[in-house]
Q: 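Next up is a structure, given as structure tokens.
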Amino acid sequence: AQSVTQPDIHITVSEGASLELRCNYSYGATPYLFWYVQSPGQGLQLLLKYFSGDTLVQGIKGFEAEFKRSQSSFNLRKPSVHWSDAAEYFCAVGSQAGTALIFGKGTTLSVSS
Amino acid sequence: DAGVIQSPRHEVTEMGQEVTLRCKPISGHNSLFWYRQTMMRGLELLIYFNNNVPIDDSGMPEDRFSAKMPNASFSTLKIQPSEPRDSAVYFCASSGLAGGQFIQYFGAGTRLSVL
């Protein structure tokens, strides 16, 4: 079955500390991977994507993610978290054909001062 | 571009009433998706269209839900009759081929409360 697992429901990080959000996927075809961020009451904003090539991808707001095929993972990282990064983060997988995305349940990030 | 536009942003209705959610995709995009977000089930696909034709409606919960895309710039999701368990945030997304890649862009969502 195709699925995305985000093992951490809620993470709290101190401002200025590093962040890693985990994502594992199960997908029958070549996966196209995405991270989206959702602020309260807002829609989903694309942070970054992986389609092919370099397995370390850079996104907006200083985020990066690394695709590890052997581990079926696509973890999101940021070296120094800002209070404005507090939000819900979703990992998603899709196909090259542009079909619907399969989302993880999300990880809520809180930033403490 | 203004992005994907959804209306209304909030809808409060009583059980049994008809609810219509609207979506205007990004101009030039040929795929449109309706997702539902709940605490229990997260983000789930309801239906998606390609070139105005429904391709996958396997996520539509039951016959009370229907979706249409009469043209490339407009889609509706209708619930009739509505029930309290339909309370959720409904997102519309659109995508088109750019640089050999399909990326979905989301609207701000419609928060539906059925009393």
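Naming convention: chains lettered A, B, ... in sequence-line order (proteins, then strands); numbering from 1 in each chain. Quick caveat, the model's predicted, so the values are computed rather than measured.
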Q: Which answer fits A:S95, side chain, backbone, both or neither, if we ask what part of it has an atom under 4.5 Å from a heavy atom of chain B?
A: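 Nothing of A:S95, per the 4.5 Å heavy-atom cut-off to chain B.
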Q: Taking the six-membered ring of A:F63, is NZ or CZ of A:K78 closer than 6.0 Å to its centre and within 45° of its axis?
A: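 Here A:K78 passes the 6.0 Å and 45° test against A:F63.
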Q: Just to verify, which of A:Y50, A:F34, A:F51 counts as forming a ring pair (Phe, Tyr, Trp, His ring centres under 6.0 Å) with A:F67?
A: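 Checked A:Y50, A:F34, A:F51 against A:F67; only one passes ring pair (Phe, Tyr, Trp, His ring centres under 6.0 Å): A:Y50.
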Q: Below 4.5 Å from any heavy atom of chain B, which atoms of A:L101 appear? Answer side chain, backbone, both or neither.
A: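 For A:L101, the contact with chain B is made by backbone and side chain together.
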Q: Could you tell me which portion of A:L46 (side chain, backbone, both or neither) has an atom closer than 4.5 angstrom to a non-hydrogen atom of chain B?
A: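 It is the side chain, since no backbone atom gets that close.
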Q: Relative to chain B, which segment of A:Q38 carries a heavy atom at a distance below 4.5 Å: side chain, backbone, both, or neither?
A: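 Only the side chain of A:Q38 comes within 4.5 Å of chain B.
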Q: Among B:Q37, B:R111, B:R9, which residue forms the greatest number of heavy-atom pairs with chain A at distances under 4.5 Å?
A: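 If we count pairs closer than 4.5 Å to chain A, B:Q37 comes out on top.
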Q: Might you confirm whether atom NZ of A:K49 has over 12 heavy atoms from other residues, nucleotides or ligands at distances under 6.0 Å?
A: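 No, the 6.0 Å shell around NZ holds no more than 12 heavy atoms from other groups.
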Q: Donor-acceptor pair, B:T110 side chain versus B:P8 backbone, under 3.5 Å?
A: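 Judged by distance alone, yes, a pair lies under 3.5 Å.
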Q: Output, in order, the C-alpha distance, side-chain angles, deciding distance and verdict of salt bridge (Lys or Arg N to Asp or Glu O under 4.0 Å) for B:E83 and B:R64.
A: CA-CA 9 Å; B:E83 296 182 2; B:R64 299 185 296 107; 3.5 Å; yes
Q: Is chain A contacted by the side chain of B:L45, its backbone, both, or neither, given a heavy-atom distance below 4.5 Å?
A: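 Just its side chain gets close to chain A.
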